[in-house]
Amino acid sequence: MASIGSTLTFSVVFTDAEGGVANPDLVEFWLREEIDGTELQWTINGATGTAITTPTGMNALVRDSTGLFHLSFVARKPERHSGYWRGSGTIFQASEDTAFVRHSAIGAIDSP
């Protein structure tokens, strides 16, 4: 489990109908901070890896190689963070991931 200030890495691999890695035309990522309902959205051109939209002050989505994308998000709130990927265009695919963040990395705080 991560703590505030930790880097959460959300990643995805997009594949074609035959199972080979492939780039969607457009890659979108939504992050929801569940307790207060904050929703953030990123968009990147799947073919070129060029960021289209990035929330102010946040890291951009990164295309690591064909079909592989990630986001490094610095946790700023103690809560559940749900990430949702969607690829569209020539490759249409979606996936979800969740990360949990607590106040501190010090385990003694959470122990009785």
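Between Thr50 and Ile44, the closest heavy-atom pair is O-CG1, 3.3 Å. Considering every non-hydrogen atom in both Pro78 and Ile4, the closest pair reads CD-CD1, 3.7 Å. Taking each heavy atom of Ala2 and Leu8 in turn, the nearest pair found is CB-CD2, 3.5 Å. Closest of all the heavy-atom pairs between Val27 and Gly46 is CG2-CA, 4.2 Å. What you find for Ser11 and Trp85 is that their closest heavy atoms are O-NE1, 3.6 Å. Across all non-hydrogen atoms, the minimal contact from Ser72 to Thr9 is OG-OG1, 4.2 Å.
Counting heavy atoms from C-beta on, the side chains of Glu79 and Asp36 come closer than 4.5 Å. Looking at heavy atoms from C-beta onward, Trp30 lies out of side-chain contact with Leu40 at the 4.5 angstrom threshold. Side-chain contact between Phe92 and Pro24 is absent, with no heavy atoms from C-beta onward closer than 4.5 Å. Between Asn59 and Thr7 there is no side-chain heavy-atom pair separated by less than 4.5 Å. Contact check for His70 versus Val12: no side-chain heavy atoms found under the 4.5 Å cut-off.
Rounding to the nearest 0.5 Å gives a distance of 9.0 Å between CG of Leu31 and OG1 of Thr38.
Aromatic ring orientation, His81 versus Phe73: tilted (interplanar angle from 30° to 60°).
Shown here are the side-chain contact (heavy atoms from CB on, under 4.5 Å) partners of Glu96, two or more places apart in sequence or in another chain: Tyr84. Taking the side-chain hydrogen bond (donor to acceptor under 3.5 Å, both in side chains) definition, one finds that Ser82 meets it with Glu34, sequence neighbours left out. With sequence neighbours left out, the side-chain contact (heavy atoms from CB on, under 4.5 Å) criterion links Ala60 to Ala51, Thr54. For the side-chain contact (heavy atoms from CB on, under 4.5 Å) test, residues two or more places apart in sequence or in another chain that qualify with Asp16 are Glu18, Ala22, Ile91. Listed by chain and number, the residues in a side-chain hydrogen bond (donor to acceptor under 3.5 Å, both in side chains) with Thr56 amount to none (sequence neighbours excluded). For Thr53, the side-chain hydrogen bond (donor to acceptor under 3.5 Å, both in side chains) partners are Thr43, not counting sequence neighbours. Val21 is linked by a side-chain contact (heavy atoms from CB on, under 4.5 Å) to Val13, Thr66, Leu68, counting only residues two or more places apart in sequence or in another chain. By the side-chain hydrogen bond (donor to acceptor under 3.5 Å, both in side chains) test, Glu28 pairs with Gln41, Arg86, sequence neighbours left out. Residues satisfying the salt bridge (charged side-chain N to carboxylate O under 4.0 Å, His left out) test with Arg76, not counting sequence neighbours, are Glu33.
Sorted by first and then second residue, the ring pair (Phe, Tyr, Trp, His ring centres under 6.0 Å) pairs with a member in residues 5-25 read Phe10-Phe29, Phe14-Phe69; sequence neighbours excluded. Counting only residues at least two apart or on different chains, the salt bridge (Lys or Arg N to Asp or Glu O under 4.0 Å) pairs with a member in residues 39-63 are Arg32-Glu39.
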- [ ] Output, in order, the C-alpha distance, side-chain angles, deciding distance and verdict of side chain to side chain contact (heavy atoms under 4.5 Å, CB included) for Ile35 and Arg80.
- [x] CA-CA 7 Å; Ile35 292 174; Arg80 179 174 53 197; over 6 Å; no
